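Chain A is the first sequence line, chain B the second, and so forth, proteins listed ahead of strands; every chain is numbered from 1. Please read all numbers here as calculations on a predicted model, not as lab measurements.
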Amino acid sequence: MGRTPCCEKNGLKKGPWTPEEDQKLIDYIQKNGYGNWRTLPKNAGLQRCGKSCRLRWTNYLRPDIKRGRFSFEEEETIIQLHIILGNKWSAIAARLPGRTDNEIKNYWNTHIRKTLLRMGIDPVTHNPRLDLLDISSILSSSFYNNSSQMNLSRFLGVQTPC
DNA sequence: AATATAAGCAACCGCCTCTTG
DNA sequence: ACAAGAGGCGGTTGCTTATAT
């Protein structure tokens, strides 16, 4: 045991990437592909560890990444996939073209989780949290007025108040 | 206008799995 | 069959930006 971390070597840079570093990484991968992340930074002239390069490429620099807000359809897809797959963000990302696991994970933690909690749904089990259910807050919630969310509620098995 | 607080997101850490010798 | 190394992944952190007071 006791594997050495990949960034153990001194002199390797950490923290936010500069535009120059981004460009070096893009140029290198466009010319050579990304066969070996371990040796890539050295070959590309980057003072970064391979993991950092891989993360930067897959989460930010990849040309097929769709940036910007998640559509309602995407959000619904994420929730439905989460019911089936749980916190398998990469598996969920694989079904959402142009989105990364990190992006989905962030979106889940900052938006969807809170939305589900507000709706009285446990974001882990997707079961209604009847003990905490606050009907009035659900009634006043903007989501209540949205038909897609109503479908989602039905999908999740949440009883809609009448 | 200044400060405090919350939200959003990029990036790191460390564990797990897969591959290779 | 086993060990070591590399890649991949999920959880978490911490910086930046937006919003409230």
Undergrad: Cut-off 3.5 Å, side chains only: do A/Y107 and A/E75 have a donor facing an acceptor?
TA: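 Short answer, yes.
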
Undergrad: Side-chain N or O of A/H111 versus OP1/OP2 of B/dG8: is the shortest distance under 4.0 Å?
TA: yes

Undergrad: Looking only at non-hydrogen atoms, find the nearest pair between A/P123 and A/L117 and report the distance.
TA: CD-CD2, 3.5 Å

Undergrad: Any donor-acceptor pair under 3.5 Å linking the side chain of A/E74 with the backbone of A/S71?
TA: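 Here the side-chain-to-backbone pair exists.
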
Undergrad: Output the rounded distance in Å from NZ (A/K13) to C1' (B/dC12).
TA: 14 Å

Undergrad: Using the closest heavy atom to pick a nucleotide of DNA chain C for each, name whichever of A/K88 or A/T39 lands nearer the 5' end.
TA: A/T39

Undergrad: In whole angstrom, what separates A/N36's CG from B/dT20's C1'?
TA: 13 Å

Undergrad: Can you find a heavy atom in the side chain of A/I26 that is under 4.5 Å from one in the side chain of A/W57?
TA: yes

Undergrad: State whether A/R54 places a side-chain N or O below 4.0 Å from either non-bridging phosphate oxygen (OP1 or OP2) of C/dG7.
TA: no

Undergrad: Strictly under 3.5 Å: I want the nitrogen or oxygen pairs between protein and nucleotides 11-14 of chain C, one per line.
TA:
residue: C/dG11; atom: OP1; partner: A/N87; partner atom: ND2; Å: 3.0
residue: C/dG11; atom: OP2; partner: A/N87; partner atom: ND2; Å: 3.3
residue: C/dG11; atom: OP2; partner: A/W89; partner atom: NE1; Å: 3.1
residue: C/dG11; atom: N7; partner: A/K105; partner atom: NZ; Å: 2.6
residue: C/dG11; atom: O6; partner: A/K105; partner atom: NZ; Å: 3.0

Undergrad: Phosphate oxygens OP1/OP2 of B/dC12: is one of them under 4.0 Å from a side-chain N or O of A/R48?
TA: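 It does, given that an N or O in the side chain of A/R48 lies less than 4.0 Å from OP1 or OP2 of B/dC12.
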
Undergrad: Do other residues, nucleotides or ligands put more than 12 heavy atoms under 6.0 Å from the CZ atom of A/R69?
TA: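 No, the 6.0 Å shell around CZ holds no more than 12 heavy atoms from other groups.
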
Undergrad: With a 4.0 Å heavy-atom cut-off, tell me which residues in residues 21-30 of chain A come close to DNA chain C, sorted by residue number.
TA: none

Undergrad: How long is the line joining NZ of A/K14 and P of C/dC15, in whole Å?
TA: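 Rounded to the whole Å, the gap is 12 Å.
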
Undergrad: Counting only side-chain N and O atoms of A/W108, is one of them less than 4.0 Å from OP1 or OP2 of C/dG10?
TA: no

Undergrad: Could you tell me whether A/E21 and A/K13 make a salt bridge, using a distance below 4.0 angstrom between a side-chain N and a carboxylate O?
TA: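 Answer for the salt bridge query: yes.
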
Undergrad: Listed by chain and number, what are the side chain to side chain contact (heavy atoms under 4.5 Å, CB included) partners of A/K88, not counting sequence neighbours?
TA: A/L85, A/A91

Undergrad: Choosing from B/dA10, C/dG7, C/dG10, which nucleotide comes nearest the side chain of A/R56?
TA: B/dA10

Undergrad: Please report the distance, rounded to the nearest Å, between CZ in A/R38 and C1' in B/dT19.
TA: 15 Å

Undergrad: Just checking, A/R99 and A/F70: is the charged tip under 6.0 Å from the six-membered ring centre and within 45° of the axis?
TA: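 Cation-pi check for A/R99 and A/F70: passes.
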
Undergrad: If the threshold is 4.0 Å, N to carboxylate O, is there a salt bridge linking A/E103 and A/K66?
TA: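 Looking at A/K66 together with A/E103, the answer is no, because their closest N to O distance does not fall below 4.0 Å.
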
Undergrad: Between A/T58 and C/dG8, is there a contact of a side-chain N or O with OP1 or OP2 at under 4.0 Å?
TA: no

Undergrad: If only side-chain N and O atoms of A/R67 are considered, is one of them under 4.0 Å from the OP1 or OP2 phosphate oxygen of B/dA10?
TA: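 Answer is yes, contact under 4.0 Å.
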
Undergrad: Atom CD of A/E103 to atom C1' of B/dA11: distance rounded to whole Å?
TA: 14 Å

Undergrad: Return the NE2 to CD1 distance between A/H111 and A/I78, rounded to the nearest 0.5 Å.
TA: 10.5 Å

Undergrad: Does A/S90 place a side-chain N or O at less than 4.0 Å from the phosphate oxygens OP1/OP2 of C/dC9?
TA: yes

Undergrad: Roughly, in whole Å, what's the span from CZ in A/R113 to P in B/dG8?
TA: 13 Å

Undergrad: Would you kindly give the CH2-to-C1' distance between A/W37 and B/dC18, to the nearest whole Å?
TA: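 One finds 18 Å between C1' of B/dC18 and CH2 of A/W37, rounded.
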
Undergrad: Is A/K51 side chain donor-acceptor paired with the C/dG8 base, going by distance under 3.5 Å alone?
TA: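 Indeed, a donor on one side and an acceptor on the other fall under 3.5 Å apart.
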
Undergrad: Please give, in whole Å, the distance from B/dC15 P to A/L55 CG?
TA: 18 Å

